[in-house]
Amino acid sequence: MSQSVCILGVTGSIGRSTLKILQQHSDQYSVFAVTGFSRIKELSEICKQYRPKCVVVPSDKVDELQQLLAIHHIFDIEILTDEAGLITVSEHPDVDVVMAAIVGAAGLLPTLAAVKAGKRVLLANKEALVMSGDIMLQAAKDHHALLLPVDSEHNAIFQCLPQNYLQIQPNGEPQLGVKQVLLTASGGPFLNFSLEQLKTVTPAQACKHPNWSMGQKISVDSATLMNKGLELIEACHLFSIKEQFVTVVVHPQSIIHSMVQYVDGSTLAQMGNPDMCTPIAHALAWPERIQTHVPPLDLFVHSQLDFQAPDITRFPSLKLARHAMQAGGLAPSILNAANEIAVSAFLQQKIAFLEISQVVEHTLNHVQNGLADSIDTILQTDQLARQVASQRITQLGS
Ligand SMILES: NC(=O)c1ccc[n+]([C@@H]2O[C@H](COP(=O)([O-])OP(=O)(O)OC[C@H]3O[C@@H](n4cnc5c(N)ncnc54)[C@H](OP(=O)(O)O)[C@@H]3O)[C@@H](O)[C@H]2O)c1
């Protein structure tokens, strides 16, 4: 029977890759709902092609979307709005699979709603898990949701772990013969830049990733290595391991997407061409495998694979994320909120590249950590951290 899919963040890079896979397998999957935020023209084109039952946009974009749909004589798609609309489609009884591909904290409540409704949730929106960690995982257990990693690294780790690893009782230690996880990082566009060179890099340079084509925010996160920091936290939650069992390995070719080391000396790696369609297809069909257009890896072309340790002097964001995970509680949410504000300020050329991590560090030092025991507390702290980060940015600019 055909599976009905809701794509949160359909206009983004992950959203569009998801559509590609669904189109290739239209006999097995149908698009029930899609959501967009600012790219309304693109959203209307997606609606025209895929004819979902529902679409979600911010309320101030409804008129624009209606007019664009009317041009295509489309009047039968229900338009829902804002966060309430995102939650409605995420938990909709007719939906089987939710692709969580909104960027940033805005994806938290819809993703959690999908988890609480017991869906198969394909998790691209790492920020949601970084913020809500234990709450999200407990909800997945309580509501029998299947939370499957789409981030290529976590998807790779998932593929290299023993089967049913996600079902084991967590105690922070690797289990079933696992020794540690090796989380690979491309190193981003500035891997070999000196500190002096990093002072003047531009948003355009930061968004030009050498191996992956991604949204702006994650591209900047890849350039600062905060993306790896967020992924480190994501890995600890998803695989129930303490941060000391996650080693970051810079691997500039992005051919090995991550590895798992075992106590017997084995290291299992998942490899492939860098294309998000592979982890999306894997999470969509797991435990089956489905075809993608991604060409098989040609090892004679990619004959050189390099590895090095990350440089936390030039890329301190990774260290900040590790410290936030060690501190626990609300620290990962504070880190994430400050980073979202700082990245946005960098993209608007209000702060320099190296100031991104300074803003995050300042915010971590000035917002009180505490227990992340409810979503309300997490969201309040997120707001407070955003204020503190914004104030710091104003100070830096004056
Ligand atoms: N791209 C990758 O290769 C990749 C890999 C692994 C993980 N991820 C993760 O996947 C998520 C999406 O990344 P992406 O690269 O696809 O980002 P993206 O291209 O920037 O797309 C983000 C999506 O979220 C929507 N959105 C933005 N702000 C929103 C808000 N306040 N409320 C509701 N929707 C909002 C955007 O809508 P509009 O476009 O209409 O504004 C868009 O559909 C991120 O968490 C990222 O870390 C991405």
Side-chain angles (χ1 to χ4, degrees), residues 6-20 33-47 55-61 64-65 68 80-87 89-90 98-111 113 121-131 148-157 183-186 188 207 209-224 226-231 233-235 238 254 257-258 273-280 282-283 294 336 339-340 343-344 347 382 386:
C6 163
I7 308 175
L8 303 173
V10 76
T11 42
S13 162
I14 293 288
R16 288 180 169 278
S17 296
T18 307
L19 286 175
K20 254 197 226 173
V34 293
T35 85
F37 188 66
S38 62
R39 289 177 268 191
I40 305 304
K41 175 101 177 42
E42 287 89 332
L43 186 63
S44 72
E45 296 295 334
I46 290 168
C47 288
V55 56
V56 186
V57 285
S59 7
D60 60 357
K61 302 284 186 201
E64 186 184 345
L65 180 63
L68 288 164
L80 300 150
T81 56
D82 302 327
E83 194 161 75
L86 294 172
I87 291 172
V89 292
S90 301
V98 175
M99 163 53 82
I102 290 175
V103 60
L108 172 59
L109 291 182
T111 305
V121 180
L122 317 186
L123 186 74
N125 180 205
K126 64 194 83 180
E127 298 90 346
L129 189 62
V130 165
M131 292 173 75
L148 293 167
V150 166
D151 230 336
S152 58
E153 295 77 1
H154 303 76
N155 185 270
I157 295 162
L183 188 67
T184 56
S186 70
C207 289
H209 196 278
N211 307 333
W212 299 95
S213 160
M214 309 182 286
Q216 284 193 322
K217 194 257 177 186
I218 184 175
S219 296
V220 177
D221 284 349
S222 296
T224 58
M226 180 57 92
N227 184 47
K228 216 42 57 184
L230 296 173
E231 288 180 5
I233 299 172
E234 185 185 8
L238 274 175
S254 299
H257 300 303
S258 278
N273 286 306
D275 187 322
M276 287 308 293
C277 285
T278 298
I280 292 168
H282 178 266
V294 181
N336 178 65
N339 182 56
E340 285 192 30
V343 169
S344 165
L347 286 169
D382 171 89
R386 281 166 199 269

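Order of appearance sets the numbers: ligands from 1, and atoms from 1 within every ligand. The figures that follow rest on heavy atoms only: side chains count, while hydrogens, waters and symmetry mates do not.
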Checking a contact table here: which protein heavy atom is nearest atom 5 (C) of ligand 1, and how many Å away? M276 CE, 3.6 Å
For the residue pair M99 and I280, establish whether any side-chain heavy-atom pair is separated by less than 4.5 Å. yes
Checking a contact table here: which protein heavy atom is nearest atom 13 (O) of ligand 1, and how many Å away? I14 CG1, 4.2 Å
Can an N or O of T11 be found at a distance shorter than 3.5 Å from an N or O of ligand 1? yes
Identity and separation of the nearest protein heavy atom to atom 27 (C) of ligand 1: V103 CG1, 3.7 Å
Within 4.0 Å of some non-hydrogen atom of E127, the atoms of ligand 1 are 44 (C), 45 (O), 47 (O)
Interatomic distance, OG1@T111 vs CG@L123, rounded to 0.5 Å, equals 6.5 Å
Among all protein heavy atoms, pick out the one at the shortest distance from atom 33 (C) of ligand 1; state its residue, atom name and that distance to 0.1 Å. F37 CD1, 3.7 Å
Can you find an N/O atom of I218 closer than 3.5 Å to an N/O atom of ligand 1? no
Below 3.5 Å, N or O to N or O, backbone or side chain included: is there any such pair between Q216 and ligand 1? no
Contact between C207 and V220 at the side-chain level, heavy atoms closer than 4.5 Å - yes or no? yes
What I want to find out is whether E64 reaches K41 closely enough, with some N-O distance under 4.0 Å, to be called a salt bridge. no
Between D151, L86, I40, D82, which one has a non-hydrogen atom sitting closest to atom 6 (C) of ligand 1? D151
Do V89 and L80 have side chains that approach each other closer than 4.5 Å (heavy atoms only, starting at C-beta)? yes
CG (D382) and CE (M131) are apart, to the nearest 0.5 Å, by 4.0 Å
Is it the case that ligand 1 has an N or O less than 3.5 angstrom from some N or O of T35? no
Could you check atom 12 (C) of ligand 1 against the protein and tell me its nearest heavy-atom contact, residue, atom and distance included? A101 O, 3.4 Å
Other residues, nucleotides, ligands: >12 heavy atoms within 6.0 Å of Q216 CD: no
One residue to check: K217. Relative to ligand 1, which of side chain, backbone, both or neither has a non-hydrogen atom less than 4.0 Å away? neither
Less than 3.5 Å between some nitrogen or oxygen of M214 and one of ligand 1, yes or no? no
Below the 3.5 angstrom mark, is there an N/O of G12, backbone or side chain, next to an N/O of ligand 1? yes
Answer yes or no for G15: is there a heavy-atom contact with ligand 1 below 4.0 Å? no
Could you list which atoms of ligand 1 come closer than 4.0 Å to a heavy atom of G215? 15 (O), 17 (O), 18 (P), 19 (O), 20 (O)
Tell me whether G104 has any N or O atom under 3.5 angstrom from an N or O of ligand 1. no
Closest non-hydrogen protein atom to atom 39 (O) of ligand 1, residue and atom name please, with distance? R39 NE, 2.5 Å
Closer than 4.0 angstrom, basic N to acidic O: yes or no for E153 and K228? yes
